[in-house]
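These notes are about the structure you will find just below.
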Amino acid sequence: MDWALPPNYSTFGVQIDQLFWIIFVITGIAFVLVEAGLILFIVKYRSRTGHKAYYTHGSNKLEIIWTVVPALVFVVLGVYSAGLWADIKNPSNMPEGAIEFEVRAKQFEWNIVYPGPDEILGTGDDFEVLNQFHFPAGEPVIVYLEAEDVIHSFFIPELRVKQDAVPGMRIPVWFDATQTGEFEIACAELCGLGHYRMEAAVTVHERADFDAWQASRALAQ
Amino acid sequence: MAHAATAARPPERGLDVYTQKVGMWVFLCSEVMFFAGLIGSYVVLRFGASSSWAEPNEVLNVTVTAINTFILICSSVTMVKAFAAAEAGDQKGIKTYLLATTALGALFLGVQVYEYYELIFHQSWAGSHGFTPQAGLYGATFFTMTGFHGFHVLLGVICLGWATIRAYQGHWGADNTHGLEVLGLYWHFVDLVWIILFTIVYLI
Amino acid sequence: MATIVAEAPGQATGHAEHEQSFLRKYIFSSDHKIIAIQFLFLTLFFLAVGGLLAMMMRYQIAWPDQPIPGGGILPESMVASGYILPEFYNALVTMHGSIMVFLAIMPMLVGVYANYLIPLQLGTHDMAFPRLNMYSFWLMVPAGIITLASFWVIGGAAGAGWTLYAPLSARPDLTGVELGQVMWLVALIFIGLSSILGSVNYITTTINMRAPGMTWFRMPLTIWALFITAILALLAMPVLSAAGIMLLFDQTLGTSFFLPEGGGQPLLWQHLFWFFGHPEVYILILPAMGFVSEILATGSRKPVFGYKAMVWAIVAIAFLGFIVWGHHMFMSGMNPTLGLSFTVSTLLIAVPSAIKTFNWMGTMWRGNLKLHTPMLFAISFVALFAIGGLSGVFMAATPVDIYIHDTYFIVAHLHYVLFGGSLFALFGAIYYWFPKMFGRMMSEKWGKVHFWTTFVLYNLVFFPMHGLGMVGMMRRIYDSTGYAHLEGIQDTNQLITVAAFGLYLTGFIFAFNFFWSIFKGKKASRNPWDATTLEWQTPSPPKHGNWDEVPVVYHGPHEYSHPDVLDKDWLAQNERPDVVSPAGGSH
Amino acid sequence: MSEAGEHTASVASSDHEHEAPKYMLIWLYLFILTVAEVGVALLDVLPKWVIVVSLLAMAVWKAVLVAMYYMHLKFEPSRLRLVAVAPLPAVAIMIIVIMMEYVL
Ligand code: HEA
Ligand code: HEA
Ligand code: CUA
Ligand SMILES: [Cu+2]
């Protein structure tokens, strides 16, 4: 196993990965500080006979330092995450003119509703395919998530996408794949005994290939 | 810092009230959270609901329940009177008022049982016969909230009955009021919860 | 004296030892020390059960294509022709998490140590309401029995995760679990009641029954932690009970609080659960932090560094703990704007934890470290809690959580804080207070063996899980071999499993040491660790009623190496200043 | 030693040096408020939001009366009052935040 995030294929995935590694560095510093400090103290201050410990009740200066410094780090981190989060998840920041799909999750399959050649959901040329999700690369995609029975979670690791599908709700998710490729939708929320095998194939096409695929599928319906 | 002789020093100052009373108040805090969980869910479900909620008096018999509310309020007065009688050492008062409180509490329960009976067997809602816990969110929340309140009243009535028996044995008096006060706190709290429930379940 | 006796009603004869029957003395006892020991045996048993479930899970994850050894003894509904069934796996995960949280760690932290330590460290004869205390133990017993029984009913044990997300948990037709889910909720309601009764006792005792001189800021940090924990439990548990009752009605009465078909809201369950659940995880760590502060001070022979900062940090964690619950719901479809405020509060709650971590290090700094077993566990608590806390920061950053939510990264986080945190602190606490409880020492040699094997194997089991999470391995999956993106992780999974088996075996080293020491351990003196708090100034074990005469407190809780005290390096809280040394003052 | 005196006093004798509260008067208030509530709700002449706000206000008013007089909070030491209101912030946070799901 490599200790790495899988290759990233989505636009905002770059920033997510960046943030991951930024936090990795910050927490890494804190980690080294704590662990090295502990080891140093164990070695340096282990009990010696006749030695008496240094008597102190603390230091206000130090308390202030180690309150303020982490607080500042966390505020900066919070502001940065907040911005990125709003870009990714806030419905008002969803890209305009994206191609739209509907995904209906149920035990234990993913029903993908395609908009058809007219690229509008809810019209006559819509069609449904079980466990196969095809979409074009290089342009934003919006998926409307629904669930029929229990909560499932729509997870495509390479696209850094995850969103629960909740019965009774219709939740939009968007992403923009940078390259073509073959991936999987995995279900990330425990949904019953078939949870572990609730997967679907994802194929990211060039736009032209996608149009061709969709046209052929629409005809076959 | 001058230290007084060891044994004379009292325990640290706590809340300046006796322990059972503190215990009851602390316990009531958890009861507040319990009912807040139920009431909060009710508010959220009703606010976020697509289906309609009935107007007051449409399904529930507000008049009967208003009278019932009044009964519970009266039982709070008699309870507090029983406590005042105990403080004054008035044995007759203790007995009369405790008996009255128990009776009023039981009466409240009786009316609630009657109300449930009428709702389940003679009321219709949303086209179906019988207003039951299965009658949509409205029925479910109604029976859950009033039911748990009723359960608390039942526990209270049992304790009150016990306290009344003790009263006839001459247990309470000017030198023994704590038990009554603590029981009273519980009883008034149940009344208080009902005041809130009555408003949001029956009137709004 | 008179006032003090009046303070303990129902136990007015706090120190007049009556002849009591065996049953009253050891089974239906209302002595807080006996109740604590009863809780200890019960929770250790459930720790072993929870661990056993984990072992079966680990076997399945590592070798999904091989029958489990000894599976034949389990009924067909769990293990069919040697293979663990997916629905049984779900039951294993659910019951492993639930048992560990509700029947092992939480009652061990609170049931055992709040009961044992609050009266002893505060200097009272017993709890405020000893009878209530007994009920709080005896409510746990049916909860445990129902939980164990649920494995054997038709449909098996609950299988919707310890978080019981509706609608899965509400509809038997969707899980295949018929009774198990209901039984688990009933058990949960018993546990809730038990913990509320316990909390009422702990809070009342702490507020109203402290010994003379035991001011708020002379209370040992353990008491502070247990007191604040009790407040958390008091306010959070009832919400779970309320939600649990509604879920129970959804399951049995056909209501639809959490079922969208009937107009209900699945997300409402999550809000209520986590409104309880996040304070719950702090219930699971605060007492551990208290024990560690105390063991570190004793082991370093120094007062706790920044005592007041430590107290305020506990209070801050508790307060903030009520406003961060949404961080478990970032991907749940919750309003994204709400997610923003939860990110900020979640990051803020890490600040008091940082304060605590650095103060622990400050306590060790320039100390005179005695590396006995409790101390080793306490130091590694700091080391491992830091890892778990730091991985929490990744998840608190919402964009990162998009990727790592519901992966093994979370599993790594939760075991670092719960096992590396709570359980390590508990092992430390057991070794530390064992002499007081049983009057004998646990073996140091076997204690050290237990510590080192546990420490090494523990890290081998849980550290690689961060990597699994980064690769994208989802939680609660029965078999990960079907996924393209999870190719090549099976070696790691097998390594983890082998280490986990070893880890389970270390439990037996501990169990052996524990039982052997109860009967054969070296006799303990009053104060084997040269500690300052009140419980060490009584005989080991203390008698019924704890004290003939209530002690008077003159000093702060952790006065080690006071320069004015010449003959020893500690100053008990109740040592008269004029007796110890002319200049010895209180602080 | 004044601390000791205070303490024993508060434990031994009850805390009712205050004049007895007017229990019947409070009862009258509660009665009138209940009648007013039912009236407002059933007559249904005011705008909906006025009804809701006034009903909630009256309910809270009644609850406060019960807590203050029948549960004696008015006459208790302020430390005990602190215990009594302790859960209210948690209640407020819980309900307000969950409601924000729908408002935001
Ligand atoms: C004892 C229990 C415990 C504790 C103490 C914590 C502490 C924290 N937890 Fe954890 N958590 C759990 C138990 C616990 N957690 C469990 C059981 C789950 C899973 C539930 C489930 O779904 O089954 C979970 C899940 C969980 C999630 C949800 C993840 C998801 O499902 O997607 C999140 C998200 O924010 C989170 C965050 C945090 C944070 C920020 C802290 C912070 O309090 C940590 C603070 C500590 C530190 C940060 C380390 C020390 C500080 C320093 C060394 C200072 C310097 C540091 C810096 C400057 C960075 N936790
Ligand atoms: C405090 C809590 C705690 C503890 C100690 C543990 C301990 C362990 N856990 Fe657990 N775990 C959880 C809490 C805990 N876990 C929770 C909350 C979840 C989430 C559940 C969910 O998703 O719903 C989880 C989930 C979880 C998973 C994820 C499953 C999945 O998502 O599919 C895994 C996988 O490996 C795992 C493994 C282990 C292992 C190998 C141990 C081992 O460390 C166990 C080793 C055993 C012991 C240390 C016991 C030894 C003791 C004795 C033998 C005592 C004997 C003594 C006497 C009787 C005197 N756990
Ligand atoms: Cu669908 Cu898990
Ligand atoms: Cu949390």
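A note on names: the letters A, B, ... follow the listed sequences, proteins ahead of strands, and every chain is numbered from 1.
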Output yes when a side-chain donor or acceptor of [X] lies under 3.5 Å from a complementary backbone atom of [Y], and no otherwise.
X	Y	value
C:Asp479	A:Tyr196	no
A:Trp85	C:Pro336	yes
A:Glu184	C:Ala484	yes
A:Lys162	C:His405	yes
A:Gln163	C:Met331	yes

Using non-hydrogen atoms and a 4.5 Å limit, figure out which bit of [X] sits close to chain C: side chain, backbone, both or neither.
X	value
A:Ser153	neither
A:Val173	neither
A:Leu38	both
A:Leu62	side chain
A:Val34	both

Margin query: Which label fits C:His562 and A:Tyr55: parallel for a plane angle under 30°, tilted from 30 to 60°, or perpendicular past 60°?
Written below: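 If you compare the ring of C:His562 with that of A:Tyr55, the planes turn out tilted.
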Next item on the list: Report the relative orientation of the aromatic rings in C:His466 and A:Trp3; use parallel for angles under 30°, tilted for 30 to 60°, perpendicular for over 60°.
Entry: tilted
Taking the six-membered ring for Trp and the full ring for Phe, Tyr or His, determine whether the centres of [X] and [Y] are under 6.0 Å apart.
X	Y	value
C:Phe394	A:Phe20	yes
C:Trp360	A:Phe41	no
A:His57	C:Phe305	no

Taking [options] one by one, which has the highest count of heavy-atom pairs under 4.5 Å against chain C?
options	value
A:Ser81, A:Gly168, A:Ala30	A:Ser81
A:Ile156, A:Ile171, A:Asn60, A:Ile151	A:Ile151
A:Thr67, A:Val166, A:Asp164	A:Asp164
A:Lys44, A:Gln15, A:Lys52	A:Lys52
A:Met169, A:Gln107, A:Arg197, A:Glu158	A:Gln107
A:Phe183, A:Phe12, A:Phe24	A:Phe24

Check: So what's closer than 4.5 Å to chain A heavy atoms on C:Ile355: side chain, backbone, both or neither?
Finding: both
